[in-house]
Asker: 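So that we are looking at the same thing, I have put the structure below in structure tokens.
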Amino acid sequence: MILIITGPSGVGKNTIIDALSRKIKFNFSVSHTTRPKRVSEVNGKDYHFISNNEFQNMINNNELVEYEEYGGYIYGTSRLELQKNGLVILDLEVNGATKLLESNSKFIGLFIDIDDKELVNRLKNRGHNSEFIAKRMDLADKQRNHKDKFHFKIDNVDINTSVNDIIDIIYKLEDRW
Ligand code: 5GP
């Protein structure tokens, strides 16, 4: 089963997927990106970190099922990642997630959100300035227009509750993977 997880930046997708990985078994779809690696990240595990040229080659060779520009870098999912076995979880920004979800009726979409006040707080805690935060809040509003296209919505008030709710959803869909 292909489970596409999305939501505005700052809602806690990463933390949730990380916590999920400690509770259930799944294959994470490792995206390709032109973004430089952060110190805490591992190449091949968090992302495949590649150059602009390499990314362009993948596009030309039709190796990607979707790709999007985000924050000045490109991110994409390769066809190979979707061939992984069992439950495959993808962490995508909203445009790519929506397009991929619409491309195959078997894919399951999950939209994670939090309320505006909390989102501002989290972006502040990440050290972003008010201009950046205002832009991300505008973007979040646009991204929420796609929310109803997703099968499941999680309001991430409490991480443990969110993780348990997602596990419930996954088990209910178990016959699909
Ligand atoms: P970050 O740079 O913080 O790791 O990720 C930035 C955004 O890119 C996040 O919203 C993440 O979900 C999204 N993202 C990561 N991989 C992909 C991908 O393969 N395709 C798309 N469309 N978005 C991705």
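All values reported here derive from a predicted model rather than from experimental measurement. Order of listing sets the numbers, starting from 1, for every ligand and every atom in it. Position 1 is the first residue of the sequence; numbering continues from there.
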Asker: Not counting sequence neighbours, which residues clear ring pair (Phe, Tyr, Trp, His ring centres under 6.0 Å) with Tyr73? List them please.
Answerer: none
Asker: Report the residues that fulfil ring pair (Phe, Tyr, Trp, His ring centres under 6.0 Å) with Phe152, sequence neighbours left out, ordered by chain and then residue number.
Answerer: none
Asker: With sequence neighbours left out, what residues match Tyr67 under ring pair (Phe, Tyr, Trp, His ring centres under 6.0 Å)?
Answerer: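 With sequence neighbours excluded, Tyr67 shows a ring pair (Phe, Tyr, Trp, His ring centres under 6.0 Å) to no residue whatsoever.
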Asker: As a test of understanding, state which of Glu63, Glu66, Glu68 forms a side-chain hydrogen bond (donor to acceptor under 3.5 Å, both in side chains) with Thr77.
Answerer: Glu66
Asker: Kindly tell me which protein residues have any non-hydrogen atom under 4.0 angstrom away from an atom of ligand 1, grouped by chain and ordered by number?
Answerer: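 Contacts of ligand 1 under 4.0 Å: Lys13, Ser31, Arg35, Arg38, Tyr47, Glu66, Glu68, Tyr70, Tyr75, Gly76, Thr77, Asp91, Leu92, Glu93, Gly96.
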Asker: Report yes or no: does Ser29 contribute a side-chain atom to a donor-acceptor pair with the main-chain N or O of Leu90 at less than 3.5 Å?
Answerer: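 Side chain of Ser29 to backbone of Leu90: no pair is present.
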Asker: With the side chain counted from C-beta on, respond yes when Ile17 and Phe26 share a heavy-atom pair under 4.5 Å apart, and no when they do not.
Answerer: yes
